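We use all heavy atoms of the structure for the numbers below, so side chains are in, but hydrogens, waters and symmetry mates are not. In this chain, residues are counted from 1 in sequence order. All values reported here derive from a predicted model rather than from experimental measurement.
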Amino acid sequence: MFTKILIANRGEIACRVIRTARRMGIATVAVYSDADARAQHVLAADEAWRIGPAPAKQSYLRGEAVIEVAKRTGAQAIHPGYGFLSENEDFAEACAKAGLVFIGPPAAAIRAMGSKSAAKALMEKARVPLVPGYHGEEQDPAFLAKEAERIGFPVLIKASAGGGGKGMRIVAKAADFAAALASCQREAKSSFGEDRVLIERYLTRPRHIEIQVFADAHGDAVYLFERDCSVQRRHQKVLEEAPAPGMTPVQRQAMGEAAVAAARAIGYVGAGTVEFIAETEARHAGAFYFMEMNTRLQVEHPVTEMITGEDLVEWQIRVARGERLPKLQDALAIRGHALEARIYAEDPAKGFLPAVGRITHLALPAESAHVRIDTGVAAGDEIGPWYDPMIAKLIVWDEDRPRALARMKNALAGFQVTGLATNIEFLQRLVACAPFAAADLDTGLIERARAELFPEPPPPSDAVLALATLAELGRIDAESRAHAARSGDPHSPWGLNDGWRLNQDNHHVFVFAEHGRQHAVTVHYRADGYEIELGGRRRRLSGHAAGGEVRAWLDDEALAATVVIAGPRIDVFRGAERHSLERHDPMLHEVEAGAHGGGLAAPMPGKVIAVLVAAGAKVEKGAPLVILEAMKMEHTIMAPAAGTVKEILFQAGEQVAEGAELIAFEAG
């Protein structure tokens, strides 16, 4: 067995590999960029080494630097995690030349599946079913447009090398093909280093089902059943589950055997995932088609571990060491049901735009045999613009899907993050929505259930406003006492927090804002607590706040919540209910929204990759103006109204900060 391995990755997957290695008695080496100098995977490993600046191309993608660290530290093997160098055949070969074991498949297998076009040709020979499409080498735009016409719209353009939803576009009609192709090629070039694409018929209501396969160097190969990964946004997975709802034993065996045939066709060794697209229409019931093979561990591998009881990272390490598979097909079985939710720093209401910022508060549900959390961050850590904005993976298990779904709802209610936007509330609505609860799954579920998933946000309840008020009163009291202590006279009347007003009833007015609406709470001080006015009613309030935990009584109702105050922001977590309020001082003049007007700002740090208009151009509302690349994804900035482009403030290739004005724009 290895005595020391290097993990050529970061974040939650690096932490997850370290946990298994430690359990197996294997020492670990972490690598980090300047942005990750204090990251959790750096703290968790036995030793850690710097490999470069924050950009991945200058750090985590520098294979030679990773190998140099492995040699200097005496590591015998390198685990690549997923992303970065995990599917880089040149890196796998470089490891072998350096006398290091690459904990992944042979370079030839990576190369065979690295090109989606070549992979589909191989699968066709192996008699694995394929979606109708064009998978050839010709990349002339006019030729590709003709092929799209031949296949029939809608079509899907996909980067030939890559995955994760990047370099992928759905095109509904011929008129949109050229622009979609250009955008797809740019994103593919940026993410994977090449811009080749393939085109396929787009199935309107497909399910995305993948099979976990494993093979060893002794000729044995198995499948560890399936995962349903249909629930996606921007072609990226949001929720995964295993086993796939509604899968019959016959279908499972057919897909599993097809996946093993795909692995055997390329001499595969190690962990891999064969991804299929499955028909949902009754007339095509049971039909499935090969999409691609990911020659690495998948983000969603924990749901497979939960239903099989196997540690897939341990399997990877043992197979890489030359051992036989721990179990063969007859010894593998499914037990129960597992779900995984990806907790991201992003704003679902703004098209799932990634968010950056510091995590000021992080509280996780308690882990158990039913609840698992894979994360690589802690309170105080920063989610920057350099890498994927995942905060954690929340995985739950129970005896069947309804019970697992209940576990997920409860666990999401206990997941608290402040300091930046997250998708937690969206996930709560998603797992509760009718189609997901009924397992009516396909890759368009989020769009189909848009009305249910993106409702008008509800106003904070009286209970939430009362809890926020009590927390604020506690903050003011603590600040008053601290001020009095600093003044040298701890008994100063200026240290009292009694809401005193000249010739008035003792009171204090709080104004909380959320989603553009303001909510006023007037607090009257009473001997036994407070009387508050909110929503046109007077109610009794008492209780206390300590360490972020607030206990209160509103009239005769007992309330409890976690309330996190950071500057003017107040986050209230009350069971599944969560609100982010902003404290306003009613004595200050409010600047009207848009008073600084005239500009279109970058929603996050990134690089301008295309300017689509010229100064002086007159445009209609919704016209694309600038394409910004951030966190490996393209974001199109559009005209907010009909108007005139007055000035272009940044050119293609320039880096911009969040909030930087990109274009001076005049409406009308």
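Contacts classified as salt bridge (Lys or Arg N to Asp or Glu O under 4.0 Å) and involving residues 39-55 (residues at least two apart or in different chains) are given here: Lys4-Glu47, Asp34-Arg50. Sorted by first and then second residue, the salt bridge (Lys or Arg N to Asp or Glu O under 4.0 Å) pairs with a member in residues 92-106 read Glu93-Arg111; sequence neighbours excluded.
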Listing, residues 263-271 side-chain donor-acceptor contacts under 3.5 Å, not counting sequence neighbours, or none:
from, atom 1, to, atom 2, distance (Å)
Arg264, NH1, Gly219, O, 3.0
Tyr268, OH, Ala271, O, 2.6

Donor-acceptor contacts, no H, no angles, side chain residues 330-338, under 3.5 Å, sequence neighbours left out:
from, atom 1, to, atom 2, distance (Å)
Arg335, NH2, Glu399, OE2, 3.3
His337, NE2, Glu241, OE1, 2.7

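A donor-acceptor contact closer than 3.5 angstrom is absent between the side chains of His301 and Arg227. Between the side chains of Ser190 and Arg186, no donor-acceptor pair is found at a separation under 3.5 Å.
In this structure, Arg169 pairs ionically with Glu187, as a charged nitrogen and a carboxylate oxygen lie closer than 4.0 Å.
Shown here are the ring pair (Phe, Tyr, Trp, His ring centres under 6.0 Å) partners of Tyr60, two or more places apart in sequence or in another chain: Phe84, Tyr387. Residues passing the salt bridge (Lys or Arg N to Asp or Glu O under 4.0 Å) test with Glu382, sequence neighbours excluded: Arg358.
A cation-pi arrangement is found for Arg321 relative to Phe2, the charged atom lying closer than 6.0 Å to the ring centre and inside a 45° cone about the ring normal. For the pair Arg401 and Phe436, the cation sits on the ring face: its NZ or CZ lies under 6.0 Å from the ring centre, inside 45° of the axis. The cationic atom of Arg233 (NZ for Lys, CZ for Arg) lies less than 6.0 Å from the six-membered ring centre of Tyr344 and within 45° of the ring axis.
Within a 6.0 Å sphere centred on CD of Gln139, heavy atoms belonging to other residues, nucleotides or ligands number more than 12.
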